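The structure displayed is predicted, hence computed values, not measured ones. Within every chain, numbering begins at 1; the chains are lettered A, B, ... in the order of the sequence lines, protein sequences first and strands thereafter.
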Protein chains: 2
Amino acid sequence: MSRPRVFLVDDHELIRSGIRAEIADHVDLVGDADEVDVAVQMILERQPDVVLLDVHMPGGGGLEVLRRVTPACPQVRFLALSVSDAASDVIGVIRAGARGYVTKNILGPDLLDAIVRVHEGDAVFSPRLAGFVLDAFGTGTALPPGFGVDHELDQLTPRERQVLRLIARGYIYRDVAHELSLSVKTVESHVSSVLRKLQLSNRHQLSNWASERHLL
Amino acid sequence: MSRPRVFLVDDHELIRSGIRAEIADHVDLVGDADEVDVAVQMILERQPDVVLLDVHMPGGGGLEVLRRVTPACPQVRFLALSVSDAASDVIGVIRAGARGYVTKNILGPDLLDAIVRVHEGDAVFSPRLAGFVLDAFGTGTALPPGFGVDHELDQLTPRERQVLRLIARGYIYRDVAHELSLSVKTVESHVSSVLRKLQLSNRHQLSNWASERHLL
DNA sequence: CGCACCATCGGGGGAAACCCTGGTGTCGTC
DNA sequence: GACGACACCAGGGTTTCCCCCGATGGTGCG
């Protein structure tokens, strides 16, 4: 596995430069940002392998970044970085799709290790967090591949899920409508709702989203 | 395509060692097992590309292995291996998700070929089975995903394959054009050719087609 | 009852995708 | 040189997609 391309999001310049100094020799730092909008924009452009993400930031915090990037770029992995070890913070970002969570008292080499492991697909937690994270999701072993958690799928109504499945298979609206005995306009409505709820922008992303979660 | 990582499940040590001898020089044998529980456990751990699976085994048989592994690891492909050529056995494992079925009188080189082809996404059946497998599923074309064999991909010109890859990733025509320094009209041309050659009707089906063959 | 949510359907508009026809030029082969 | 395969581009038309707005019922809840 080659050097991970890492993007850094934190609102404190001091912290950013500290982290840079710790990890710059072993990863490719492809950029950093100190606010949500800029971060989202740059991450989408530069497609890093791993985003180091401060959880507490003005403008929605790391959660907002996660929510806006993940639907469009699910292959970008997030490692949350926070001074807090509050359960709600941890659970929040994990549900939003982060692949790990470490506190800022982590040591440089350990941070590096965490980045590498997230890059390779592992989920990484500070030891004292690991326990209750696993508790929160039931058994630990059920978690791993693809932490994503179907929090998002839960938001959909039954009808929307039904439409989603057909759309994801490549049906055009007309055929979905015929299959479900609906009008095309109704199908459009449902698809719009699904796209809005999953924060996707078109049905191509929807197909990918569905196939990544094996919903076929 | 690199050497497939193969796992072997059969309750007869003799058969296992025979198969090992036949194929060990050309694939990476990452393990074997002689009972269902152990097999499931090890397959989940080692994530082979292809599992050679005996259909008749104590403890539920190969079917049970399929049923327990596939939901967690859909990317693991199964090639069923059996002394039986009974229709019910064949249909059963195919429905459970196996990508192929060969009888044990298969010759070493043919077995090797079958493994490689399953690894590459093809579906493989002993010649005398192919007939009624097709019957059982209606028309041949209803069989896939992954049956039609990649004669289809061979039909495409290099440029068409290049366009295909980008389209399958969800690029819109304009972006494909920009990426390849073409006009949108040229991209349309190529896509049209691809759709016609693959007998698909829109780019969404194309995305699915590509992702089933993991061409990303 | 009011209210929120869901499912259904519609209009209109702009962008994108799809389809067909046809044109150019290059290359290799017969 | 003629022919075919391929890559490239264009015009013009139809369909599909996506988004905005709106409307009607049904259902469940405080």
> Side chains of A:R203 and B:H204: is there a donor and an acceptor less than 3.5 Å apart?
Replying inline: yes
>> Measure CG/A:D175 against C1'/D:dT16 and give the value in whole Å, please.
In response: 11 Å
Provide a list of protein-nucleic acid N or O atom pairs under 3.5 angstrom, restricted to nucleotides 9-12 of chain D.
unit_1: D:dC9; atom_1: OP2; unit_2: B:S183; atom_2: N; d: 2.9
unit_1: D:dC9; atom_1: OP2; unit_2: B:T186; atom_2: OG1; d: 2.9
unit_1: D:dC9; atom_1: O5'; unit_2: B:T186; atom_2: OG1; d: 3.4
unit_1: D:dC9; atom_1: N4; unit_2: B:S189; atom_2: OG; d: 3.0
unit_1: D:dG11; atom_1: N7; unit_2: B:K185; atom_2: NZ; d: 3.4
unit_1: D:dG11; atom_1: O6; unit_2: B:K185; atom_2: NZ; d: 3.1
unit_1: D:dG12; atom_1: O6; unit_2: B:K185; atom_2: NZ; d: 2.3

>> Test your reading of the model: is there a side-chain donor-acceptor pair from B:Q205 to the backbone of B:S201, 3.5 Å cut-off?
In response: yes
>> Between C1' on D:dC18 and CG on A:N202, what's the gap in Å once rounded to a whole number?
In response: 9 Å
>> Contact between A:V176 and A:I167 at the side-chain level, heavy atoms closer than 4.5 Å - yes or no?
In response: yes
> If we ignore angles and hydrogens, is there a donor and acceptor under 3.5 Å between the side chains of A:S189 and A:T186?
Replying inline: no
>> Determine whether A:S192 and A:E188 satisfy the following criterion, side chain to side chain donor-acceptor pair (under 3.5 Å), listing intermediate values before the conclusion.
In response: CA-CA 6 Å; A:S192 277; A:E188 286 187 30; over 6 Å; no
Can you pull every protein N or O that's under 3.5 Å from an N or O on nucleotides 3-6 of chain D?
none

> In this structure, which one of B:R46, B:R5, B:R3 forms a salt bridge (charged side-chain N to carboxylate O under 4.0 Å, His left out) with B:D28?
Replying inline: B:R3
> What's the CD1-C1' distance between B:I172 and D:dT16, to the nearest Å?
Replying inline: 15 Å
> What's the NE2-C1' distance between A:H204 and D:dC18, to the nearest Å?
Replying inline: 11 Å
> In whole angstroms, how far is the C1' atom of D:dC18 from the OH atom of A:Y173?
Replying inline: 7 Å
> Using a heavy-atom cut-off of 4.0 Å to chain A, what are the terminal contacting nucleotides of DNA chain C, in 5' to 3' order?
Replying inline: C:dC6 to C:dG12
